[in-house]
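Source: prediction; values computed, not measured. Just so you know, these numbers use all the heavy atoms, side chains as well, and skip hydrogens, waters and symmetry mates. Lettering follows sequence order; numbering is per chain, from 1.
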There are 2 protein chains.
Amino acid sequence: MGQSADHLTSNQAQVLRHLRAANAPMTAYQLLGRMQNDRGAVAPPTVYRALKGLEEAGLIRRIETLRAWAPVAAIRPGVVVICDDCGTVRGVEAPSLLESLHQRLAAEGFAEARQTIEVHGRCGDCAEDRA
Amino acid sequence: MGQSADHLTSNQAQVLRHLRAANAPMTAYQLLGRMQNDRGAVAPPTVYRALKGLEEAGLIRRIETLRAWAPVAAIRPGVVVICDDCGTVRGVEAPSLLESLHQRLAAEGFAEARQTIEVHGRCGDCAEDRA
DNA sequence: GAGATATACGTTATAGTATAACATAGCGCA
DNA sequence: TGCGCTATGTTATACTATAACGTATATCTC
Ligand SMILES: [Zn+2]
Ligand SMILES: [Zn+2]
Ligand SMILES: [Zn+2]
Ligand SMILES: [Zn+2]
């Protein structure tokens, strides 16, 4: 069930290690490939189960717009910012912004349960590189 | 290339008709099934090409969190609000919210290109039904 | 200790989503 | 007429995710 962050299984730890070592989100099948390199035969459910546990533990997120996974901590409501040049992803806290969205929708009778906010663009470092 | 809304191909019109007739987003393969009912043999690229054209024309959006497609008009940066009970999706304008997010990220040197904002929850009608 | 439950893991197969690549047909027009 | 452009058809394949079943192990309970 809801896994707490202090007790990862070895599959989970291995997946998390790979995600943290990467500088961009990885697809499930990229992770699968890495694990097969490490250990030989590994099947997709092994990866997906680890991803599910890590997500429930708040250690990773699926980046919906990339169909990939990133070790973005559970800034929980939060904004994910993605550089389309270098691939880096980071979480940004924006409580007041999300609160105003919440108010806005509540006023219309909508009971908000969760949001996905992903922003694409170019990060500062990559902008400098172009300059 | 960039299709303008006033000249849809017949495949695009057919896909759009089905999306508008539905009260919830449809997956590409649901659309494929409908088109096969209508016309016999239809293959996935037919559907995906129509979806691409409609998206470029600003007539539909892919709902990333549902991996499905909805006729949400081109509220063009906008928030998509999804009721997880009845499945309805609608676009909400929130210019000031997006502007403040833009400012926030610009201050950190991030040049924003596009956002995906999807909010899940329960709509007013469904809340009443539960009451 | 036997049996019941729960969790993780392995393994096979399959479902579901999306695109590559190549062929054909029609149209506008040099 | 021949060329470029767009849309479409068609086949095959790539990519993403889960169902279903079996096994091992730990933990609890009687
Ligand atoms: Zn490794
Ligand atoms: Zn960058
Ligand atoms: Zn129809
Ligand atoms: Zn509803």
Practice task
Indicate whether OP1 or OP2 belonging to D:dT16 is found under 4.0 Å from a side-chain N or O atom of A:Thr27.
Solution key: yes
Problem - Presence of salt bridge, B:Arg61 and B:Glu118, under 4.0 angstrom - result: no
Exercise for the section: Report the nucleotide, chosen from D:dA17, D:dG9, C:dT11, that has the shortest atom-to-atom distance to any side-chain atom of B:Arg39. Expected result: D:dG9
Exercise for the section: Would you tell me if any nitrogen or oxygen in the side chain of A:Asn11 comes within less than 4.0 Å of OP1 or OP2 on C:dA8? Expected result: no
Practice task
Grab the CD1-P distance between A:Ile63 and D:dT16 for me, whole Å please.
Solution key: 14 Å
Exercise for the section: Would you indicate, yes or no, if C:dA20 has its OP1 or OP2 atom less than 4.0 angstrom from a side-chain nitrogen or oxygen of B:Arg49? Expected result: no
Fill in the blank from the handout: Assign each of B:Ala43 and A:Gln30 the nucleotide of DNA chain D bearing its closest heavy atom; nearer the 5' end lies the nucleotide of B:Ala43
Exercise for the section: Round to a whole Å and report the spacing from CD of B:Gln12 to C1' of D:dT8. Expected result: 12 Å
Practice task
May I ask you to check whether over 12 heavy atoms, not counting those of B:Arg34, lie within 6.0 Å of atom CZ?
Solution key: no
Problem - Whole-Å gap separating P (D:dT16) and CZ (A:Arg62) - result: 9 Å
Exercise for the section: Would you tell me if any nitrogen or oxygen in the side chain of A:Thr46 comes within less than 4.0 Å of OP1 or OP2 on C:dC9? Expected result: no
Practice task
Write down the distance between CG (B:Leu32) and C1' (D:dT11), rounded to a whole number of angstrom.
Solution key: 14 Å
Problem - Rounded interatomic separation in angstrom, taking OH from B:Tyr48 and C1' from D:dG9 - result: 17 Å
Practice task
Grab the CE-C1' distance between B:Met35 and D:dA7 for me, whole Å please.
Solution key: 13 Å
Completion exercise
CG of A:Leu51 to CG of A:Leu59, rounded to nearest 0.5 Å, is 11.5 Å
Problem - Side-chain N or O of B:Thr9 closer than 4.0 Å to phosphate OP1/OP2 of D:dT6 - result: no
Exercise for the section: Looking only at side-chain atoms of B:Pro45, point me to the closest of C:dT19, D:dG9, C:dT12. Expected result: C:dT19
Exercise for the section: Using a cut-off of strictly less than 4.0 Å, decide whether A:Arg67 has a side-chain nitrogen or oxygen near OP1 or OP2 of C:dA18. Expected result: yes
Practice task
Test for a donor-acceptor pair under 3.5 Å between the base of C:dA18 and the side chain of B:Tyr29, counting only N and O atoms.
Solution key: yes
Handout entry: B:Met26 CE - C:dA18 P separation (whole Å)
Key = 14 Å
Problem - Distance, nearest 0.5 Å, that separates OG1 of B:Thr65 from CD1 of B:Ile117 - result: 12.5 Å
Exercise for the section: Please check if the side chain of A:Gln36 supplies one atom and the backbone of A:Val42 the other of a donor-acceptor pair under 3.5 Å. Expected result: yes
Exercise for the section: For B:Leu66 and C:dA18, give me the distance from atom CG to atom C1', rounded to whole Å. Expected result: 17 Å
